[in-house]
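Only one structure is covered here, and it is reproduced in the block below.
Owing to the predicted nature of the structure, the values given are computational and were not obtained by experimental measurement. When a ligand or atom number is given, it counts from 1 through the structure's own listing order. Any value given below was found using the heavy atoms of this structure, including those in side chains, with hydrogens, waters and symmetry copies removed.
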Amino acid sequence: MIPAPTAPESDALFARARAVTPGGVNSPVRAFNAVGGTPRFIRSASGAWLTDVDGNEYVDLICSWGPMLLGHAHPEVHAAVSAALARGTSYGAPTEAEVLLAEEIVDRTPVERVRFVSSGTEATMSAIRLARGFTGRDVIVKFAGCYHGHVDSLLAAAGSGLATFATPGTPGVPESSTALTLVLPYNDRAAVEAAFAEHGPRIACLVTEAAPGNMGVVPPEPGFNRFLAETCASHGALFVSDEVMTGFRASRLGQWGLDGAVEGWRPDLMTFGKVMGGGFPAAAFGGRADVMSRLSPEGPVYQAGTLSGNPIATTAGLATLRLATDDVYAHITAAGDTIKAAASDALTAAGVPHVVQSAGTMFSVFFTDPADGPVRDFADASRTDTAAYAAFFHALLERQVYLPPSAYEAWFLSSAHDDRAVQTVLDALPAAAAAAAATRGDR
Ligand SMILES: *Cc1c(COP(=O)(O)O)cnc(C)c1O
C-alpha cells in the first residue's frame, strides 16, 4: 500500500535526486523501498524533531540510525564543533582532540588501544585485517543477519552446510572474497562448536554484533557472548565484538556493559562508530594492547586514513561522550519503556501479533507471532510481517512519527525525547496499529 504523497517538495527533490544518484539516496534504506512511498528530505532537526523540506515535523525514532544520543543540534555539542570549525577542519597531523577521545574510549570500554577511522565499515574491515595479521590465519566467522558494514568478505550468504564456506551476498563481491567466511545462525552454540571443530586451526576471528540491531533487535541469549569469547580463546582465534551500533548506546558501556563487564570477560577487539562520532563520520577499532601493537606504524599490519581522527568529528564525539552520563541512559530507558508498552498495548488491542525485543536502550517491534517464541536469529526475524509493518510505518509518518523505513531495524531515542515527543508517539500508536491490522484482513 503506497499512500498518496503528502510531501510535494520531497517528491520533487526525490525525482531530481534519482536523476543524479542511484535510487535517489546515498544509503539504500533511506529510499523507503521496504515500505513504499517517497522518502522525506530533511531540512533541519532540533532535539527530538525532524523538519522536512515541506515544513512537516516528525518525532525522530531513528536518531540518524543511532548516533544522535543527545538529540539533534545539542547546544553544547554545537558550541564545541563551532569552536573547532574556526580553527580549521583538517590538518593531516595529530591533534589533542584525538588523544582526549581515545582516552575517553579507553576509560569507558575494555579496549587498551584504539585507532580512529571514518566509518563503521572501515572499522570492521580493519579489525579483520588486524586479526588475520596477528594470528597468521585466514578464516573468519560471522552470523547471518549481523551487519558489519559493506566489507566484501562480510557481505556473505551462508553456505549450504553449517561448516561450509559462504557465497557472495551481492553482485560485485567475488567468490574469492567470501571463500574464507563462515556464516552461522545467531544464538546457535552448536553451530559455533561445529564450525570451530572443523576449521578451528584456520580461524583468525569470529566477528559478531555485540547485540544484533541490524535484523531488528535480537539480543544475545544469556551467556552467548561469553561463550563466543571463550570458544575463540580456546582455539587461538580473536573475538571481535562489533559495537558500532551498541557502543555508548545500548548502555553507557555499550552491550559489553550489560554482559562482559558483569560476567568478567572482554573481547580481543571491538569496533565503534555511530554515537562516538556525535553525528559526524567517525569510527574506531581497538582492543588488546598486544594485538593493536601489530598495527602500522608500530607493527607490520597496514592501515591508514586521510581524514581519520578528523578534528571536527573527534570534537563532536568527545563532546557527545562527555555529556552521555548515566542520566542520559536512564532517560532514554524510561522513554523507551513507555513507547514499547504503548506500542504493544495498541497492537494487542488491534489484534496484531507482535514481539517486542530489547538490548539495553535499543528495541524493536517484530510483527511475528509470539506463539513462535522470541526472535533468536535471522530466520526468525525473516518471518516478520513486512506488509503490516509498512502500514504501521505510514500511519505513524502521517501522524508526525518517523520510524525506521524497514521492519528490520532498531528504534532509537535520545535524551531530547521529552514528554511532548513521547506523547506524540503514544497518540499516534492506536491508529497505526489499526492500519497494521487492516493489512492482515486484506489477506
Ligand atoms: C552501522 C553499522 C556498521 C557500519 O557502519 P558505517 O558507518 O555505516 O559504515 C557496522 N556494524 C554495525 C553493527 C553497524 O550497526
Under a 3.5 Å threshold, I'd like every N/O contact between ligand 1 and protein atoms, with atom names and distance.
from     : atom 1 : to     : atom 2 : distance (Å)
ligand 1 : 5 (O)  : Gly120 : N      : 3.4
ligand 1 : 7 (O)  : Gly120 : N      : 2.8
ligand 1 : 9 (O)  : Gly120 : N      : 3.3
ligand 1 : 9 (O)  : Thr121 : N      : 2.8
ligand 1 : 9 (O)  : Thr121 : OG1    : 2.7
ligand 1 : 11 (N) : Tyr147 : O      : 3.3
ligand 1 : 11 (N) : Asp242 : OD1    : 3.4
ligand 1 : 11 (N) : Asp242 : OD2    : 2.7
ligand 1 : 15 (O) : Asn214 : ND2    : 3.0
ligand 1 : 15 (O) : Lys274 : NZ     : 2.6

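Sorted by first and then second residue, the salt bridge (charged side-chain N to carboxylate O under 4.0 Å, His left out) pairs with a member in residues 313-336 form an empty list; sequence neighbours excluded. Pairs passing the ring pair (Phe, Tyr, Trp, His ring centres under 6.0 Å) check and including a residue from residues 293-343, sequence neighbours excluded, do not occur.
With sequence neighbours excluded, the residues satisfying side chain to side chain contact (heavy atoms under 4.5 Å, CB included) with Glu198 are Ala163.
Aromatic pair Phe224/Phe143: ring centres closer than 6.0 Å.
In this structure, Arg43 fails the cation-pi test against Phe41, since its NZ or CZ atom is not both closer than 6.0 Å to the six-membered ring centre and inside 45 degrees of the ring normal.
Salt-bridge formation is detected for the pair Arg266/Glu112: a Lys NZ or Arg NE/NH1/NH2 atom is positioned less than 4.0 Å from an Asp or Glu carboxylate oxygen.
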